[in-house]
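Structure first, then comments.
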Amino acid sequence: MKKTGAGLLVALVGGAAGVVGWKWSHGDTAELTLTCVPGQSRVYALSYASRGQMSDPTFGLSAGDAPEGQSVRTEVQGRWRETCVRGDATSHVLEVSVEDAKGQFLAQGGVGGGGAPSDVRELVAGQSYVELGADGVVKRIHFDARMSPLGQNLLRDMLSLRSMRVTGPTHDGATWSSDEEDANGPYSTTYTLTLPEEGLARISKGTRVYAPPASSQKMAKWAPLVRAKPSTGGELVLERDTLQPRSLRAHVEVELVASARTIGQSQSHLELSPTAQTAVAAVDTRALQDAYSTRAAQGGRPGDLAARDADARIEERIQREELGGDTWATLLEKAAASEPDRAKLFLKFKALFLLHPEACRDASALLATAKGPHELRFQLVAGALASAGTPEAQHALVAAVDATSDRLPHQRTLSSLLGTVSKPTSDTESLLRSLVKGHAQDEVRDTARLALGNVARSLQTDDPQRAERLIQDSLAYARSAREPEERVVALQALGNTGAPQGYEVIERTVREPDASLRQTGAAALRFMETDAAERLLLELASRDESDRVRSEAISALSFRTLSPMTVDTLKQRVRVDPSESVRQLLVKVLADEAPRYADISLTLEEVSRADASASVRKLATLVLLRLNASEG
């Protein structure tokens, strides 16, 4: 999850759109169109309730004194007012406020600062501005400066529940699909339009289906999976003659699941219903627009329904605390000390590059003039640039590669680091492609090819088209490679992509008599998230005659969340594998899976008593002690 403490529980709901008015077009092929009349204001009776609960301390959240674990309950009643600030064919802006709010916010178990209830009036007071796309997608939220982070979360959730995406046709029974996002991540949902009676239209929003986590790294197995319950949905009733909503009801139930256990849940409900004076007099449009322009120009970070702004603020504060009063000059002085704190300096350099992108130019110049990667300043600066991963930081690394074309160590190290950035730019990709195509040194070409495999894996979520082109390049090279050295590099690069398209090539390789190629093929399966890849790795771990191949297959399995069948097979292998080093590795992999499978401890106890190797017995004993301590 993206939030901690109260925010984690308060913001388990979300959406990606908002509406203020409608342009109704008659005819079966007509489309619903969002409208926004500047100065027009509408008021609705508001009823909002939300409850979130964390019942498992696995993720370091203390249950405190709350009998039900950590919990947050919020209730708000009042009036919901939304006013159109401006609108055109591409975007709309609303002023949104909650008036005469009554209710309470109650946190238990150490969440949100204690168990005392708080009056919500102060939490939600103020006028906020919501920027929408033409289809109703929320682009930005400019919160009232008086709102606390908790108040912003409450308004964010109300906007999420208020949201309906307008992209469908107008005929009775029309349906459309929508890909949206909330604080829990991207999800898909469906909408249905019905005409229940003359003058009314009802738009229903279906259950959310959240996208699975994109990462296959080891820690991903402990990341909670967000799942919306079937009761999740929404209903918006429109008055076709006034083009305005008559009422809205939305309900979201979300649960968090980790390792097949439900560790948290949230239920939120919103109702907007007509008041005696739903339509109110228009306000001064010019004054409203001036107020919005002033707010937008104040430089505050705009928010969104996915809470990325909260993440960004937290990250910025962490980086400022890390950097302190240091500058580029002072960090270089500290790096030149006789016994520098390498870890601390690395974090400070990274913070500098994140907070002051202009420092990346100085970093690039240092890398270009350094004697080589053996220098501490080179290592700290280059690593921090790659870890920061901003466009400016990547440009600095690319420029350093260009400036050191005659120095093999620089080229090899810097191109390798470019393959580790989380969001590779087009310039990074182009530079690596040019190295693969035209560099005079085989080592640099091979390093760049491996880096491009990593780039492909990083791009698969954000830019699948770029990723696919790189995957196809890796596939073509793997199919054409003939010499053993070429084939090893090709397999490694293909494995770095993590793409299932490479399975057939790798599967053929692990059937060959050359143990080195089989070992490389096993390693190349580590990022491939398919059942077929897991079965093949299990086969290699169990039956290959080479200790090195079995070890590599087991290491590759450690990157995955293992199925029960795989775990059962590994429990048998740890008892019978002839290699001491392989059995040690099996003990470590089984230990990682022990929190998910209680009977693994029994297997490890047997190994700690009966294994023929004293080293394996000792390792199993230490692992059991650690597991018992964590359970206690």
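Remark: Arg407 engages no residue in a salt bridge (charged side-chain N to carboxylate O under 4.0 Å, His left out) (not counting sequence neighbours). Partners of Gln289 according to the side-chain hydrogen bond (donor to acceptor under 3.5 Å, both in side chains) rule, which considers only residues two or more places apart in sequence or in another chain, do not exist here. For Leu517, the side chain to side chain contact (heavy atoms under 4.5 Å, CB included) criterion is met by Arg487, Val488, Leu491, Thr509, Glu512, Asp514, not counting sequence neighbours. Annotation: ring-ring contact (aromatic ring centres under 6.0 Å, His included) contacts of Phe378 (sequence neighbours excluded): His410. Among residues two or more places apart in sequence or in another chain, the side-chain hydrogen bond (donor to acceptor under 3.5 Å, both in side chains) test is passed with Lys423 by none. Every residue two or more places apart in sequence or in another chain that forms a side chain to side chain contact (heavy atoms under 4.5 Å, CB included) with Lys371 is listed here: His374, Glu375. Scored by the side chain to side chain contact (heavy atoms under 4.5 Å, CB included) test, Ser434 finds Leu431 as partners (sequence neighbours excluded). For Arg479, there are no side-chain hydrogen bond (donor to acceptor under 3.5 Å, both in side chains) partners two or more places apart in sequence or in a different chain. Checked against side-chain hydrogen bond (donor to acceptor under 3.5 Å, both in side chains), Lys139 has no partners two or more places apart in sequence or in another chain. Every residue meeting the side chain to side chain contact (heavy atoms under 4.5 Å, CB included) condition with Arg361, not counting sequence neighbours, appears here in chain and number order: Glu358.
Between Tyr292 and Glu131 the shortest side-chain heavy-atom distance falls below 4.5 Å. Under the 4.5 Å side-chain criterion, counting only non-hydrogen atoms from C-beta, Pro424 is not in contact with Leu418. A heavy-atom distance below 4.5 Å is not found between the side chains of Thr327 and His356. Residues Phe349 and Ser387 fail the side-chain proximity criterion, which asks for heavy atoms closer than 4.5 Å. At least one side-chain heavy atom of Leu256 sits under 4.5 Å from a side-chain heavy atom of Val226. Contact of the Asn153 side chain with the Arg156 side chain is registered, since non-hydrogen atoms from C-beta on lie closer than 4.5 Å. Between Val398 and Leu414, the closest side-chain pair of non-hydrogen atoms is not below 4.5 Å. For the pair Leu452 and Asp473, the minimum side-chain heavy-atom distance is 4.5 Å or more.
Using a 3.5 Å distance cut-off with no hydrogens or angles, the side chains of Ser128 and Glu95 do not pair a donor with an acceptor. Checked by atom type, the side-chain pair Gln492/Arg449 shows no donor-acceptor distance below 3.5 Å. Side-chain contact annotation: Ser160 with Ser163, donor-acceptor N/O pair under 3.5 Å absent. Checked by atom type, the side-chain pair Glu534/Ser563 shows a donor-acceptor distance below 3.5 Å. For the residue pair Arg227 and Asn184, no side-chain donor N or O sits within less than 3.5 Å of a side-chain acceptor on the partner.
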Query - Verdict with supporting geometry, Glu322 and Lys350, salt bridge (charged side-chain N to carboxylate O under 4.0 Å, His left out) - result: CA-CA 9 Å; Glu322 186 65 56; Lys350 177 182 176 181; over 6 Å; no

Query raised in the report: Where do Asp144 and Tyr129 land on the side-chain hydrogen bond (donor to acceptor under 3.5 Å, both in side chains) test, with the steps shown first?
Result: CA-CA 8 Å; Asp144 193 296; Tyr129 296 93; over 6 Å; no

Report task. For the pair Thr189 and Lys205, evaluate side-chain hydrogen bond (donor to acceptor under 3.5 Å, both in side chains) and give the outcome as yes or no after the intermediate values. Result -> CA-CA 7 Å; Thr189 187; Lys205 181 176 182 178; 5.8 Å; no

Query - Chi angles and distances behind the side-chain hydrogen bond (donor to acceptor under 3.5 Å, both in side chains) call for Tyr187, Glu180 - result: CA-CA 5 Å; Tyr187 67 87; Glu180 305 179 13; 2.9 Å; yes

Query - Residue pair Asp446, Arg412: steps toward the salt bridge (charged side-chain N to carboxylate O under 4.0 Å, His left out) verdict - result: CA-CA 9 Å; Asp446 292 345; Arg412 188 175 56 218; over 6 Å; no

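No more than 12 heavy-atom neighbours from other residues, nucleotides or ligands sit within 6.0 angstrom of CG on Asp531. For Arg86, the CZ atom sits in a loose shell: 12 or fewer heavy atoms of surrounding residues, nucleotides or ligands are nearer than 6.0 Å.
Leu385 and Cys360 get closest at one heavy-atom pair: CD2-SG, 3.9 Å. Of all non-hydrogen atoms in Thr420 and Ala386, the two that sit nearest each other are OG1-CB, 3.8 Å. Pairing each heavy atom of Ser458 with each of Ser422, the nearest pair is CB-O, 3.6 Å. Taking both residues in full, the closest heavy atoms of Ala363 and Trp328 are given as CA-CH2, 3.6 Å, listed atom of the first, atom of the second, then distance. Nearest heavy atoms, Ser415 versus Ala451: O-CB, 3.5 Å. Taking every heavy atom of both residues into account, Val510 and Ala522 meet most closely at CG1-N, 4.0 Å.
Aromatic ring pairs are classed by plane angle as parallel below 30°, tilted from 30° to 60° and perpendicular above 60°; the pair Tyr191 and Trp176 is parallel.
In this structure, Thr207 contributes its side chain and Thr232 its backbone to a donor-acceptor pair below 3.5 Å.
Between Arg433 and Glu429, at least one side-chain nitrogen of the basic residue sits less than 4.0 Å from a carboxylate oxygen of the acidic one, meeting the salt-bridge criterion.
Leu475 CG to Ser480 OG: the interatomic distance, rounded to the nearest 0.5 Å, is 10.5 Å. To the nearest 0.5 Å, the span separating NE2 on His395 from OG on Ser364 amounts to 7.0 Å. Rounding to the nearest 0.5 Å places CD of Glu593 at 9.5 Å from OG of Ser558. Gln319 CD to Lys348 NZ: the interatomic distance, rounded to the nearest 0.5 Å, is 11.0 Å. Atom CG of Leu585 sits about 5.5 Å away from atom OG of Ser551, to the nearest 0.5 Å. For the atom pair OG1 of Thr330 and CG of Leu352, the computed distance is 8.5 Å after rounding to the nearest 0.5 Å.
Annotation: cation-pi pair Arg457/Phe527 present, NZ/CZ under 6.0 Å from the ring centroid and within 45° of its normal.
Exactly one of Val444, Leu432, Leu367, Leu435 qualifies for a side-chain contact (heavy atoms from CB on, under 4.5 Å) with Val401. That residue is Leu435.
For residues 450-481, the set of pairs meeting the ring-ring contact (aromatic ring centres under 6.0 Å, His included) definition, not counting sequence neighbours, is empty.
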Using atom types as modelled, flag every donor-acceptor pair under 3.5 Å from a side chain in residues 497-506 to any protein atom, sequence neighbours excluded.
from, atom 1, to, atom 2, distance (Å)
Thr497, OG1, Leu494, O, 2.6
Thr497, OG1, Ala499, N, 3.2
Gln501, NE2, Glu468, OE1, 2.9

